[in-house]
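What follows is one structure encoded as C-alpha cells, with my remarks underneath.
This structure is a prediction, so every number in the text was calculated from the model and none was measured.
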Amino acid sequence: MSGKERRDRYLLVRSGGRSYGVSTRHVRHVVRGLPYHPVPGGQPHLLGLAQYGGEPLAVLDIDALLQHARPRSSYRSTVVLGRRGRRSRIMIGLAVDEARRVERLPGAIEATAGGPYVSGTVDVDGEPVQILDASVLLEDRNPDDRGKNG
C-alpha cells in the first residue's frame, strides 16, 4: 500500500465476531437503529433497503458478504458509505454490531487473500482487522468484472 493509504484514518467496526476497518474517506455517517426492509429473493448478505436522506440505501451484512455465510450480526449500527468528490450518489450501508473508534492504523497493512472487498489485514491491539476496500463496494459493477471491457 502507498504511504498515503497508511496515513488514512479508519473507522474500526465489529460484525459477526470479526473486526473490520474502513477508510473514513468513504464514511458519511454512522446511524444507530436504522430500520430496513427485506428484499424478496435478495442475496443473503443483502439485509434489505432503508431510506436515508430521502434516498434508498442498500444495507449489507459485511461479515456475511466476506465470509460467504449466513448473516449473524446484531445490526445495532449502520455505517453509511459514499463517494467523495464525485457527482455520483452511490451510497451503501454496512450493518455492524458496533462502530468502535476512528484511528490511524499502526504499521503496514499486510496483503491477504480476502477477496475483492478486502485490501489487507493489520494487527490492532493484538487483534487482526480486515481492511475493507470501500471503493470496490461502491463500484457500479460486479467486482469480478474488473478489468473486463464492456
Report task. Could you walk me through whether Val27 and Val102 pass the side chain to side chain contact (heavy atoms under 4.5 Å, CB included) test, one step at a time? Result -> CA-CA 11 Å; Val27 175; Val102 173; over 6 Å; no
Grab the two heavy atoms, one from [X] and one from [Y], that are nearest each other, plus how far apart they are.
X      : Y      : result
Leu138 : Leu81  : CD2-O, 3.9 Å
Gly93  : Thr78  : CA-CG2, 3.8 Å
Ala50  : Pro35  : CB-O, 3.3 Å
Ala99  : Val30  : CB-CG1, 3.9 Å
Asp8   : Arg25  : OD2-NE, 3.0 Å
Pro128 : Asp123 : N-OD1, 4.2 Å

Requested in this report: Give the C-alpha distance, both sets of side-chain angles, the deciding distance and a yes or no for side chain to side chain contact (heavy atoms under 4.5 Å, CB included) between Tyr20 and Leu66.
Outcome: CA-CA 11 Å; Tyr20 300 97; Leu66 297 177; 3.2 Å; yes
Query raised in the report: Roughly how far, to the nearest 0.5 Å, is CD1 of Ile62 from CD1 of Ile92?
Result: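 Interatomic distance, Ile92 CD1 to Ile62 CD1, rounded to 0.5 Å: 7.0 Å.
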Report task. List the steps, then state whether side chain to side chain contact (heavy atoms under 4.5 Å, CB included) holds for His29 with Tyr52. Result -> CA-CA 10 Å; His29 302 280; Tyr52 184 78; 2.6 Å; yes
Query raised in the report: Would you find a donor on one side and an acceptor on the other, under 3.5 Å apart, between the side chain of Asp97 and the backbone of Gly16?
Result: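 Yes: the side chain of Asp97 pairs with the backbone of Gly16.
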Report task. Show the numbers, then the answer: is there a side chain to side chain contact (heavy atoms under 4.5 Å, CB included) between Leu94 and Leu65? Result -> CA-CA 10 Å; Leu94 302 179; Leu65 175 65; over 6 Å; no
Query raised in the report: Name the one of Val39, Val59, Leu57 that satisfies side-chain contact (heavy atoms from CB on, under 4.5 Å) with Leu49?
Result: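 Among Val39, Val59, Leu57, the one meeting side-chain contact (heavy atoms from CB on, under 4.5 Å) with Leu49 is Val39.
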Query raised in the report: Counting only heavy atoms not in Arg101, do more than 12 sit closer than 6.0 Å to its CZ atom?
Result: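 Yes - once you tally the heavy atoms of other residues, nucleotides and ligands closer than 6.0 Å, there are more than 12.
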Query raised in the report: What's the verdict on salt bridge (charged side-chain N to carboxylate O under 4.0 Å, His left out) for Arg100 and Glu127, showing C-alpha distance, side-chain angles and the deciding distance?
Result: CA-CA 13 Å; Arg100 297 168 62 192; Glu127 177 179 20; 3.5 Å; yes
